[in-house]
Structures are given as C-alpha cells and as structure tokens.
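I have placed the structure first, in the form of structure tokens, so that the comments after it can refer back to it.
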Amino acid sequence: MMSVSNAQATPSIQICRIMRPDDANIVGNVHGGTILKMIEEAGCIIGTRHCNTQHGDRCVAALARVERTDFLYPMFIGEVAHASAEITYTSKHSVEVQVNVLSENIVTGAKKVTNKATLWYVPLSLQNVDKIIEVPPIEYSGQEQEEAGKKRYEAQKLDRFETKERNCEVITHVSLPEPYTVGFSQSSLIHLVGPSDCTLHGFVHGGVTMKLMDEVAGIVAARHCKTNIVTASVDAINFHRKIKKGCVITVSGRMTFTSSKSMEIEVFVDADPLVEAEKGKYRAVTAFFTYISLDKDNKPLPVPPLKIEGEEEQKHFEEGKVRYLQNKAKRLTNKERQQ
Amino acid sequence: MMSVSNAQATPSIQICRIMRPDDANIVGNVHGGTILKMIEEAGCIIGTRHCNTQHGDRCVAALARVERTDFLYPMFIGEVAHASAEITYTSKHSVEVQVNVLSENIVTGAKKVTNKATLWYVPLSLQNVDKIIEVPPIEYSGQEQEEAGKKRYEAQKLDRFETKERNCEVITHVSLPEPYTVGFSQSSLIHLVGPSDCTLHGFVHGGVTMKLMDEVAGIVAARHCKTNIVTASVDAINFHRKIKKGCVITVSGRMTFTSSKSMEIEVFVDADPLVEAEKGKYRAVTAFFTYISLDKDNKPLPVPPLKIEGEEEQKHFEEGKVRYLQNKAKRLTNKERQQ
Amino acid sequence: MMSVSNAQATPSIQICRIMRPDDANIVGNVHGGTILKMIEEAGCIIGTRHCNTQHGDRCVAALARVERTDFLYPMFIGEVAHASAEITYTSKHSVEVQVNVLSENIVTGAKKVTNKATLWYVPLSLQNVDKIIEVPPIEYSGQEQEEAGKKRYEAQKLDRFETKERNCEVITHVSLPEPYTVGFSQSSLIHLVGPSDCTLHGFVHGGVTMKLMDEVAGIVAARHCKTNIVTASVDAINFHRKIKKGCVITVSGRMTFTSSKSMEIEVFVDADPLVEAEKGKYRAVTAFFTYISLDKDNKPLPVPPLKIEGEEEQKHFEEGKVRYLQNKAKRLTNKERQQ
C-alpha cells in the first residue's frame, strides 16, 4: 500500500489503537491532541530506527518541526486510529517523516483519511545529548523525488530560522517576581474533566481533585526551594460543591507560611462548566498542604523563609503560623499519650 | 488486624498496587496525591457498598470531607501501597471511613504505616443527584465507640459550616473580563513532566507537548464559544529547545483571530527546570491552532466575533487574518490542481 | 477466607479497583486485557514477595507462563474488580500462583466469580538479570496437594518446550482482502515501551503485554463480525523472551478458526530493540484468544464463518478446531464432575 524506498533498512511503520473515552471530549469527538501525539510517536519510532541503522553512536530522533496539519474529518470514540509513517527525505542531520492518519469504524467498516502530517527529526546521541549525529541517506525512486525533498528541506530550514528570531523577542514578562516571594512560586493548572475522572453520576471523584491539588502544591513548593520536596500533611478538606463531567477545573496554589523546615501552601479549586455558561465559575474546594524539603538521604533540609509583601500576605502568614503551632502541639500531645 | 463492626454487611476493603515511575517524582518519592487518590477510591467503594445495603434508592457515596492527614514516611517506586478502609461511624446522612495506608517493600519485606485518613461521605441518589438518602446504621462494639464517633461527627459538621462561610468571600476576581474578549477565554496550564512523557534521553516527546498545546487551545476555544469545538488545523510548529524530565511546563493560549466559522489560538510553551534554578524559565515552543465549532450533527456553527481591546490585540488579529487568507488561498489552489 | 499454606511468609494478596470508562469498550464491557493485567500484577506482587523471603540475591518474579483462562461473565464500568492471588506450588526455580477474579456491583451488591487464572513465575536476580535464583519452598497441607502441583509443573514445562519450537512463522500482508477472510480482519499495533510498563529491572510486565494482545485480538474480532465482542478465554501463554524498556512492541493478530458462536484469534508479539539495532527483532510471545459476539442484552450472537484461502489457513483452521473441541470436552468433564 505504501511505497517505501529502502524497504530493508527502515520499512514504513503503522501505529494503531482504539480511541477511548479519555481520548475524546464529552460529545465523543477525539481530541486533535490525541492524534498529534500518535503521529509523533510513529515519527519518533521510524526516525530512531532509521538513524540507528549504521555504525557509530546510538541515538534517539528528536522532533524539530511539524509542518502545517489539517484535520479533515472528526474521529470518534470506538473507532480505530491508524497512523502510518515513512521516511521521505534525509539531509545530513535531519529526517523528514510523512505520516498519514486513517480512521476506521470497525463496526461499519468505514474508513477515512483524517489527516496528513510532515515531521522533521534530528538524531541526538545517547552518549552526548548535545551532539547531533549524521543521518544515513535513504534511496530515492528518482532524482525528481530527491530534489523535491531538498526544496522542502530548504524551505523549512528558513522558516525555523525565522521563527527562532521571532521567538526570542517574545519572552517578555510584565514583572518578574523576586525569588522567595509568594508571587514567585504561585502556580495554577487547568484540567478538562474526562470520563475516567468521574463516578457513575458523572461527578468528579474526590480523589482525582485531591491528586491535582497535591500536584499544584508540589510545584509551588519545588519552585520555592528548588529541591526534592514531599507532602508532609494535608489539612482538613471540605468538598462543598460537586464538579461535573465536561467542566474545566482550575487549581491554583500559593505559599502562605514557612517554618524553618516546612512550607504551607493554600490550594483553590475552581470549576467552570464550559458549555452550561449561565452557571458560571465557582469555587469548589480549598485546602492547606504542608511540604518538606529532603536531601539525598531523605533527611529534612532547611526551607528558605517566605518574603512577605503587603498586609494580606502578612495576615495569611500569621494564620498559617497559628495552624502550624496548633498542629505541632497536637503532635506532642499524641506522642505523650502513646508513651 | 482490623476490627470491623458489622463484618457481614460491609466488610473492610483493601486496595493495593505497585507504585510506578508515573506515581513518583524524579527522585523516586511517590506523590502524596497518588496516595490521596487511592485512599479516596477505597473510601468510595466501602461507602457506596454500605449505603446500598438497604431497600430504596440506589446511590453513590460522594466525598464531603477529608480530615487532616499526615504523611509519616516517604514511599518509593516499586513498593506496594496498601490502603485498608473500614466504616467507623454513620450519622443519618453521612458515613465516616477510616483508611490506613501501608507501604510494603516486596524485595526486603519492610512494611511501614505511611498514613491514616478519615473521610466523610454523603450518599447521593442515582435517580436524583441532589437528593441525599438515608444511611443504614452500623453496629458499634460499645456505647463509648458510638459516642466518640458522634463527637467527631459534630466537630467536622461545625468546621464544614465555618469553611463554607469563609469560602464564599474568597471568590473575588480582580477584574472580570467581558465575554468574547481575548482576556475572557485566555487559559494556561502547568504540567510536571513525568517519566512516561520522555524519551530514553529523558527529554519530553514532541507529541506530549503538542497534546498539551491542543488541550489548552481547546479550552480557550470552548470558553469563547461555549459549544462543541474541534481542532481544524495546526500551523507549522518548531521545537527550538528541548524540555527535560523534571521540568514544569506552562502552556498558555490566547485567541488571536476569528473568522465567521473559525478561531485561531496562539499557544506558548514555557519550560521551567525546577531544580536547576540557574537555568531559568525559557520559551520552548509556540504555535497557532485553528478550531471550529460544531452542532449536534457535526456541522460547522458560526463563531462569535472576537472583541478586540488595544493596539497589540489589533495587530495580532490582522496577522491572524493574513494567515487565514493565505491558508484559504492554498486550499483553493490545491483543490483546483486535483481537479 | 482463602486457604493459605504458609500464612506468615507469603499471605495471599487482594488487588481491587473500580472499573473506569477507559477499561471498557463503548458498550461498557470491561476488556479482558484489563483483567489480565490486574491478575498479573497480583501474581507479580505475591511471587516477588515470596522469592525474597530468604537470604541471598534480591529478585523480581518474571512471568513465564499463564495457563488457559476462561472469562465466565462480563464485567461492567462502575463495578469493582477483585483479584486474589495465592501461591499453590513451588519448584526449584518457579512459582505457581492461582488468581481468582470477582466482580462486585457495589450498588446492587451482586458478586460473581468472573475468572480464575494460573500463572508461573521465575525469580530473576536484581544484580544479574540473566540469573534465575532458587525459590524457597512452600508448605503443603498434604502430600496429595504437593503431588498434584508437581504434575501441573511437569505438564506446563512440556508445553512450554513445545511452543518454543512453534513460534517462528511471521505474518504476511495481502492486498485488499474480501470480508470474512483472514486477511480482512488481520490487525497489528505498535507500542513504544515506557517506564510505567516495566518492572524494577526495566523489563515489560507480562500483564502489560497481555493487555496489548487482548486489544489487538478484540480489533480482529470486531472487524470480523462488526458487533459487540468480548473475550471468552485465553489459551496458555508462554513468555519465552523478556522485553526491555525502550523496545518497540509489534502485536499482530489474525483469525484462525470460527465455530458457530466463537472466534479464535492467534496473537504474536514481536519486540524490536530500536536503538540496539544489531540485536534484531524477535518473537517474544504468542497466544490464542477466543472471543464471542454479544447482542444488546449480552446474549451470544452467531458468528459469521471464516472464509479460508489456501492450504496454510486451512491447516490453522483445523488446528483451531481441535483446540475448540478439546476445550469443549474439558468444560463438559468439569461440569459433570461438579454435579
């Protein structure tokens, strides 16, 4: 079906799998991102395989560029997505891979080409990640084919160079917060609620929410102290309002208090029922997570003190201190009781 | 080992599984969130099972509260986490579940109690999600046990009520952006790079990055038009800089242009090597995603026009329009060629 | 509840979790592969735990073989799957684990034994992966039990040896096959082995491989009969060669036999160590999966007969028929015995 030039060394590859509920939105349309990920997996496999068909350093093909891609037809849950990849051009240091994606409804038998993508890979040595190794050449069916490839290569090279120029300017942060301030480590993530996050009712499992909360709190803690950090405790969490399938959850965390060896992070969960807009965003959960910083032997390290700016932050800090002292007192009482 | 009061109706449950690389950070410490999720799954099973041991509406136990939890010891990849849950108290409308977590090193045989948690569940009817059904009472080993449970119940009830009051105030947005503006749909997520996101080198697969980019772009599009949206195309993406395991990726998206039936979203990927602080945050990738809005029969819907504020947004809009017209022209040329 | 021979050293283990949408097909039937993966996780935990209860090298139990397994009842999303494992025999270098799987509907309280499996593990040293260490013996409740175990051990040893011989054929692709032929439903998928697929050694968990095999077999079955299909049984699977992290696994399936209400699919697993190209691709596992087709009420539907083309397919069909008749006879004998 596919014309492969050097069949022996690097035959074409085909990846396929059934589209699952978590690959799609609530209406059943498979996310474009799921397809892009499959495309890249096929490209990475064929690129890596090709670049290791010679003597010398072992390498992995790293994605350098994806050409413009159109999604021609939607794909649905239960269909099988096929991504076939073949190498269409090689320059001295890069590989062009062409990937075609086909959706197959295995029940009706219907098949559609949903999209085509062109990817460029660069082989990086496993010994030295900054070393780009040479790519073994492929054989072309004719000179015309080779020249067309070379043209594509030159065009993308130019575009990559231009974007590089452009990208450098873009990194302008309105105001860079100072290290160890609340603003410096403050973080938030959004998560689109999928079917596997939910109970039979179609509401988010409390455990899924807590996992996301811990993820954000962990990032805040790591940003603050730049070491290996672990959850030491979680204060009582109340789940006042349910979160429904199809919502977007925003989880935000900010540091409120530091003791000499611990950090307290307040985490907020807001739910946004995307489609039922009239309902609006609402606060679903809040909680305090306490983290500690560990050295290589899993022993606690000192934590850099939080730099407080303004009255509100000072108030939060004082409140955090009260919680810290209360918990410390409780732990001592419990220990004494046990003795 | 565990004292279960009414062994027949709702015996204790034990969940266990091997901790995998994806459950842990790069040093091998299992995330607190992984444990919290397991704890809640055990609680949900035993709570749901118990509340359905009587006639009447079928129900699912929904998490209402988790008491303060301490993580006593770190857990590591390869260890088996065991979470045992039992019901320790029931009020008319809620169930208290006690969960103990044990880590077992199946190679050395070492076992440690890593944490204990108390969760409160409320049974919601499967027929009517807003209806809380009655909880069948458990039998206590003695009156003392029952009274201690009642005390815990009253204490948590009070605390939940207080937090509810507090939470309502908190939802103050500095300035609520108007619908259909760029600011209104603008979104960003952070993702902590895990082992499964990476190549053998320990660098993020390009496909993983593209999937996150599509996720953010999709949320921006859905927030703008509040309908079922799908990816229509992705402009060329250049991967200038590698992203390493252990980094935090921030993916941000903002709408730049709308035509009558499509939306263009610009997506930025910034990488932050948490621990190697000296390197600092850098822009790794940018790209333009085009989305369309679909009705129930998967036919395109009109897209609400973007409200432009300020010169910069106007400039982005004009640039988006140029890209839109260029792509339209290209598609027409390709069609003609094929005829 | 379970009869454990040496309760102290290696008590039985129970793994359980709620079945999620991603564990099932679009009709809500849990994939046989999900269950096989859980079974293997339970077996790996108890096997590894047992083989480390003595002085000497630390080790991990690697799956060597799974005996024929029947899926007695379908399982559904929202149900809790329980897998309980216990060690039933030990030879000098291998461990036999018996796993029973129970489905529990936590809403209605209904419980069903859905399947039973027997797995054989071999302990590999963590210091030297090619070294098989000695297995500490278990205590038997009587000599009869020990002798029955020895018989099972000898029988599987013989079968493993014979299969080793068979493994060498490779699937060839034909062009545009007619419906109901072998070529029409033939399928294959490719999976890049990630860190979470692997044991502490960096080798793929047997359960991960079996899940992929079931996925391919399911696609073949669905392509053939275009209905809701479920795994009915899996013939003995032998794991001849280990698969390493970083490999690409190709899993291919083709239909070998159809009875009036069942389909037999042969599945091949080939491993390709992408980077170490000189090692070459090798056949790691093969197995036969039997599927049935279900209507909306989960009742068996007739299966369209397989159209045979050529001598080789005829030979496979005849062999499949023999297996089918043998299994049918065995089931009848077992039923009679139980009466």
Side-chain angles (χ1 to χ4, degrees), chain A residues 27 29 31-33 36-37 40-41 44 60 62-71 74 124 126 129 159-160 163-164 167 170-171 187 189-190 192 199-201 205-208 210-211 214-215 219 222-223 226 228 230-240 248 274-275 277 283 286 298, chain B residues 27 29 31-33 36-37 40-41 44 60 63-71 74 124 129 159-160 163-164 167 170-171 187 189-190 192 199-201 203 205-208 210-211 214-215 218-219 222-223 226 228 230-240 248 274-275 277 283 286 298:
Chain A
V27 189
N29 284 124
H31 295 300
L36 291 170
K37 201 179 164 194
E40 203 273 322
E41 187 169 349
C44 176
V60 171
L63 182 66
R65 178 181 164 89
V66 184
E67 299 293 347
R68 182 185 162 79
T69 306
D70 288 296
F71 291 81
L124 303 179
L126 275 174
V129 159
D159 187 83
R160 270 167 76 179
T163 345
K164 206 164 190 172
N167 273 358
V170 187
I171 322 178
S187 307
L189 66 80
I190 49 177
L192 183 57
T199 65
L200 286 176
H201 283 119
H205 275 294
V208 170
M210 289 194 287
K211 191 166 186 282
D214 179 65
E215 197 177 326
I219 292 171
R223 277 186 168 155
K226 315 254 176 229
N228 178 33
V230 295
T231 319
S233 67
V234 186
D235 247 40
I237 311 180
N238 294 301
F239 294 81
H240 295 301
V248 169
L274 272 193
V275 178
R283 170 85 16 111
T286 63
N298 284 301
Chain B
V27 188
N29 283 125
H31 294 300
L36 290 170
K37 201 179 165 195
E40 204 274 322
E41 186 168 353
C44 177
V60 171
L63 183 64
R65 177 181 165 89
V66 184
E67 300 293 347
R68 182 186 163 77
T69 305
D70 288 297
F71 291 82
L124 303 179
V129 160
D159 188 81
R160 271 167 75 179
T163 345
K164 208 166 191 170
N167 274 359
V170 186
I171 321 179
S187 305
L189 67 78
I190 48 176
L192 183 57
T199 65
L200 285 176
H201 281 119
F203 290 102
H205 276 293
V208 169
M210 290 194 285
K211 190 166 189 279
D214 179 66
E215 196 177 326
I219 291 171
R223 278 186 168 154
K226 315 253 173 228
N228 178 32
V230 295
T231 318
S233 67
V234 186
D235 248 41
I237 310 179
N238 294 302
F239 294 82
H240 295 301
V248 168
L274 273 192
V275 177
R283 171 88 12 114
T286 64
N298 284 302

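Just so it is clear, the model here is predicted, and its values are computed rather than measured. Chain identifiers are assigned alphabetically (A, B, ...) following the order of the sequence lines, protein sequences preceding nucleic acid strands; residue numbering begins at 1 within each chain.
When side chains are defined from C-beta on, A/F71 counts as touching A/L36, because their heavy atoms get closer than 4.5 Å.
Annotation: maximal heavy-atom pairing with chain A below 4.5 Å, among B/V230, B/V208, B/I219, occurs at B/I219. In terms of non-hydrogen atom pairs under 4.5 Å with chain A, the most contact-rich of B/D70, B/D159, B/I237, B/L124 is B/I237. Chosen from A/H31, A/E67, A/R223, the residue pairing most often with chain B at heavy-atom distances under 4.5 Å is A/R223.
Residue A/E41 does not touch chain B at all, counting heavy-atom pairs closer than 4.5 Å. Contacts of A/A62 with chain B are absent, with no heavy-atom separation under 4.5 Å from either backbone or side chain. Heavy atoms of B/V27 lying under 4.5 Å from chain A belong exclusively to its side chain. For A/V234, the parts lying under 4.5 angstrom from a heavy atom of chain B are both the backbone and the side chain. Both the backbone and the side chain of A/V66 come within contact range of chain B, each with at least one heavy atom under 4.5 Å from a heavy atom of that chain. Within the 4.5 angstrom heavy-atom criterion, only side-chain atoms of A/N29, from C-beta onward, approach chain B. Both the backbone and the side chain of A/V129 come within less than 4.5 Å of a heavy atom of chain B. Heavy atoms of A/T69 lying under 4.5 Å from chain B belong to its backbone as well as its side chain. Contact of A/N298 with chain B is made through the side chain alone, with heavy-atom distances under 4.5 Å.
When all heavy atoms are compared, the tightest approach of A/A236 to B/R65 is CB-NH2, 3.5 Å. The two atoms that bring A/R160 and B/H240 nearest to each other are O-CE1, 3.3 Å, heavy atoms only. Scanning all heavy atoms of the two residues, the minimum distance from B/L192 to A/E215 falls at N-OE2, 4.1 Å. Shortest non-hydrogen contact noted between A/H205 and B/C44 is CE1-SG, 4.0 Å. Between B/I190 and A/S187, the shortest heavy-atom distance links the atoms CD1-CB, 3.5 Å. When all heavy atoms of B/G207 and A/E40 are compared, the closest pair comes out as N-OE1, 3.0 Å.
Under the 3.5 Å distance criterion, the side-chain polar atoms of B/S233 are left unmatched by any main-chain donor or acceptor of B/T231.
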